[in-house]
Amino acid sequence: MNASPLQPAQPQDAPAQALYGGVTNRRVTVRDLAKAKRQGERWAMLTAYDALTAGVFDEAGIPVLLVGDSAGNCHLGYETTVPVTMDQMVMLSAAVVRGTRRALVVADLPFGSYQESPAQAMHNAARLMKEAGVQAVKLEGGERSARTIELLVEAGIPVMAHIGLTPQSVHAFGGYPVQGRGDEAAHQLLRDAKAVQQAGAFAVVLEAVPAELAAQVTEHSAIPTVGIGGGNGTDAQVLVWTDFAGMTAGRVPKFVKQYANLRATLAQAATAFAADVRDGSFPGPEHSFE
Ligand code: KIV
């Protein structure tokens, strides 16, 4: 039987590099990530909020892109993620899906879009899948969100959980403190990780927790753990793209490694353009029509 052009036949146990460019004619799936966990393969996730940037990361081979509600403070000019709306998430997520071919695209359910009732969570997760075309959603909370995760998963929606420092609770935390310090908090994190796994989450983000605790969670977890400020012992790592590329103004968190300095590069380009316009050297004859 011929393989469908949309669903090319895949060997049951494709080689481990499948996440990073081994398979170019289909999107990475949650099954690929489960296999990566079994094989001990580490993977990278970046946030993306628009088609152009998402396309660059997709071509670079980043297997999972997160349309994070960090769009609030990294893209839309808010101070926190709290004001981000469903309509904004749908618009940004649709752009990221349009800009990509390989990456698994995960979209955040923003604050207030899933806590009210299971019906509300289902309605909004379905919007992200139907209107934006994402392949999975992410929501914050461990034990407190387990029932919601279970319902979404039962409905066929892949869910990435997010525990530890959950930025939508910034006002309850009084900032962005490291989580899981001390015996009681560490035990709560372990319970949260267990609860989301039992509820059916396909992966769990661990944000701002001590490295040793994140490694312990990872060791006991059957699903991939995705660290951000969780040290080197998690299965995957995620960074906010504006942080990792040096676009963010001012201080970035301790856990960020800056791989480029795009802010300075863009500022230099803008300054040079303005100077060329002022002194009349742009446009030159090579940029003009006869
Ligand atoms: O919104 C976001 O970008 C996130 C990451 C920090 C994991 O949730």
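Counting convention: from 1, in listed order, for ligands and their atoms alike.
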Which atoms of ligand 1 have any heavy atom of [X] under 4.0 Å away?
X      : value
Asp108 : 1 (O), 2 (C), 8 (O)
Gly68  : 1 (O), 2 (C), 3 (O)
Glu207 : 6 (C)
Asp69  : 1 (O)

With under 30° as parallel and over 60° as perpendicular, where do the rings of Phe282 and Phe273 fit, or are they tilted in between? perpendicular
Determine the interplanar angle of the His75 and Tyr49 rings, folded into 0 to 90°, and report it as parallel if under 30°, tilted if 30 to 60°, perpendicular if over 60°. tilted
Does either side chain, that of [X] or that of [Y], offer a donor lying less than 3.5 Å from an acceptor on the other one?
X      : Y      : result
Asp279 : Ser281 : yes
Glu150 : Gln198 : no
Thr218 : Asp235 : no

At the 4.0 Å heavy-atom cut-off, does Glu140 count as touching ligand 1? no
Mode of Leu66 contact toward ligand 1 - side chain, backbone, both, neither (heavy atoms, under 4.0 Å): side chain
Is it the side chain, the backbone, both or neither of Ile228 that has a heavy atom closer than 4.0 Å to ligand 1?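 Answer for Ile228: side chain.
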Within the supplied structure, the quantity of interest is the number of heavy atoms (other residues, nucleotides, ligands) at a distance under 6.0 Å from Glu290 CD; does it exceed 12? no
Please check if atom CD in Glu212 has more than 12 non-hydrogen atoms from other residues, nucleotides or ligands closer than 6.0 Å.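 Open.
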So for ligand 1, is [X] a polar contact partner (N or O within less than 3.5 Å, distance only)?
X      : result
Lys138 : yes
Ser70  : yes
Thr47  : no

